[in-house]
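Chain letters run A, B, ... following the sequence lines, proteins first and then strands; every chain starts at 1.
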Number of protein chains: 2
Amino acid sequence: MDETLAVDLLVIAARFTRWAGRAADGAMPTALWRALSQVDELGPLRVSALAALDRTSQPTATALVQRLERHGWVERSADPEDARASLVATTSEGRERLAEQRAAVGRALAPRLGALSGQQHEDLARGLAVLRDLVAHAPPGG
Amino acid sequence: MDETLAVDLLVIAARFTRWAGRAADGAMPTALWRALSQVDELGPLRVSALAALDRTSQPTATALVQRLERHGWVERSADPEDARASLVATTSEGRERLAEQRAAVGRALAPRLGALSGQQHEDLARGLAVLRDLVAHAPPGG
DNA sequence: AACAGTACATAGGTTACCTATGCATCGTCC
DNA sequence: GGACGATGCATAGGTAACCTATGTACTGTT
């Protein structure tokens, strides 16, 4: 029961990720716009916080932030509470770039998403909310 | 609307994949057991069919099948319909190994899946079915 | 028979991650 | 205040999971 659901979740989530990543292929690598999206949505936040919430390792998050910074899409500021930490936030350029990318992703997936019935749409959105919650409250990957 | 859903799907699916892949970390790499799972479920099938249904490239599927074969988990036979093609099917060893891996994945995800309410469980399963269908009927990644 | 398309293996490469480590800082305890 | 363990992040080095391009053999159509 749960074993089958667990396996299916892994298989289908990975499959969707591969498919959608290719379908949405724009000028911006997936990992990069994903990180930008999360910073925009939840920032300003620390590198380690980004890593934790996105379920990647800290050095991965560091590298992504550095790439984003290099493009001028995010900026760093000192965290007043801790001299070791910095806060990452999107710049206006970053927000513009993100909007473009979101539009591109939306367009790429529109044919398939648009083909869903209202009920399917709702099922998908509700399932997604559960999945988001499931990961959010999980221990960090065992 | 659909843009936000599209972006969220990509962000959360990738996040879940990362998290669950680490949580389920067993002796077998994710891509490998995923391929074995698909061969078991849908085989015997051609390498190219595996690639298409799992939304990976043909050389990726070839490499995965070769690895599975090397372990004795799948076997090849000539496709009677086409001398270029081969049919890939799981061996009994492969089925055993897959069962072990499925159990391991199920155990790894059980704490989180087990914490879901009946309604959440159903939402997740229904959402997953929509996602599966969405990818199954999509053009191959744009 | 010629030709375009197909199936898969190989080659070479990219992308997206990972763990380990080092340095600076912080918080707690004595 | 000092010692110590924990924390935050950058760097180093590496792996896993993919990709496109290409070549060879086969197939189906004309």
Side-chain angles (χ1 to χ4, degrees), chain A residues 10-11 13-36 38 44-70 74 76-88 140-142, chain B residues 10-11 13-36 38 45-52 54-70 74 76-88 140-142:
Chain A
L10 255 171
V11 167
R15 183 184 299 167
F16 174 80
T17 300
R18 279 192 300 283
W19 171 75
R22 288 164 78 177
D25 188 32
M28 202 173 169
T30 303
L32 205 54
W33 74 254
R34 197 194 71 231
L36 182 57
Q38 296 306 284
L45 79 169
R46 293 182 179 184
V47 173
S48 50
L50 177 63
L53 73 87
D54 205 34
R55 300 288 155 155
T56 62
S57 70
Q58 171 261 308
T60 299
T62 294
L64 287 172
V65 167
Q66 285 175 344
R67 284 165 72 190
L68 290 172
E69 208 174 0
R70 206 174 300 138
V74 301
R76 303 269 202 124
S77 55
D79 186 340
E81 297 188 0
D82 191 331
R84 295 168 297 188
S86 48
L87 294 177
V88 185
Chain B
L10 255 171
V11 168
R15 183 184 296 168
F16 173 81
T17 300
R18 281 194 299 282
W19 170 75
R22 288 165 77 177
D25 188 33
M28 201 172 171
T30 302
L32 205 53
W33 75 252
R34 195 193 73 230
L36 182 57
Q38 296 308 284
L45 80 170
R46 293 182 181 187
V47 173
S48 50
L50 178 62
D54 204 35
R55 299 290 155 154
T56 62
S57 70
Q58 171 261 310
T60 298
T62 295
L64 287 171
V65 167
Q66 284 175 349
R67 283 166 72 190
L68 290 172
E69 209 173 2
R70 205 174 300 140
V74 302
R76 303 270 202 123
S77 56
D79 185 338
E81 297 189 3
D82 191 330
R84 296 167 297 187
S86 48
L87 295 177
V88 184

Under 3.5 Å, is there a donor on one side chain and an acceptor on the other for A/Thr62 and A/Gln66?
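Not at all, the side chains of A/Thr62 and A/Gln66 share no donor-acceptor pair under 3.5 Å.
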Specify the separation, in whole Å, of atom [atom1] of [X] and atom [atom2] of [N].
X	N	atom1	atom2	value
A/Arg18	C/dT15	CZ	C1'	14 Å
B/Arg15	C/dA16	CZ	P	16 Å
B/Glu81	D/dT27	CD	C1'	12 Å

DNA chain D: 5'-proximal contact among A/Ala85 and B/Ala83 (nearest heavy atom)
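Taking each residue's closest nucleotide, the earlier one in sequence belongs to A/Ala85.
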OP1, OP2 of [N] versus side-chain N and O of [X]: anything below 4.0 Å?
X	N	answer
B/Thr60	D/dC19	yes
A/Thr56	C/dC17	no
A/Ser57	C/dC18	yes
B/Thr62	C/dC8	no
A/Arg34	C/dT15	no
A/Ser48	D/dC9	yes

Could you go step by step and tell me if B/Gln38 and A/Arg15 meet the side chain to side chain donor-acceptor pair (under 3.5 Å) rule?
CA-CA 11 Å; B/Gln38 296 308 284; A/Arg15 183 184 299 167; 2.6 Å; yes
Considering only heavy atoms and no angle criterion, is a donor-acceptor pair shorter than 3.5 Å present between the side chain of B/Gln66 and the base of C/dA9?
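Not at all, since no donor on one side and acceptor on the other fall under 3.5 Å apart.
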Per the atom types in the model, does the base of C/dA7 pair as donor or acceptor with the side chain of B/Gln58 at under 3.5 Å?
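Answer is no: no donor-acceptor pair is held.
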Identify all pairs in which a protein N or O lies below 3.5 Å from an N or O of nucleotides 2-6 of chain C, and state each distance.
{"from": "C/dG5", "atom 1": "N2", "to": "B/Arg84", "atom 2": "NH1", "distance (Å)": "2.7"}
{"from": "C/dT6", "atom 1": "O2", "to": "B/Arg84", "atom 2": "NH1", "distance (Å)": "2.2"}

Pairwise 5' ranking along DNA chain C for A/Ala31 and B/Ala61, keeping only the more 5' one
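So the residue in question is B/Ala61.
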Without swapping roles, check the side chain of B/Arg18 against the backbone of A/Asp54 for a donor-acceptor pair under 3.5 Å.
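Indeed, once roles are kept as given, a pair shorter than 3.5 Å links the two residues.
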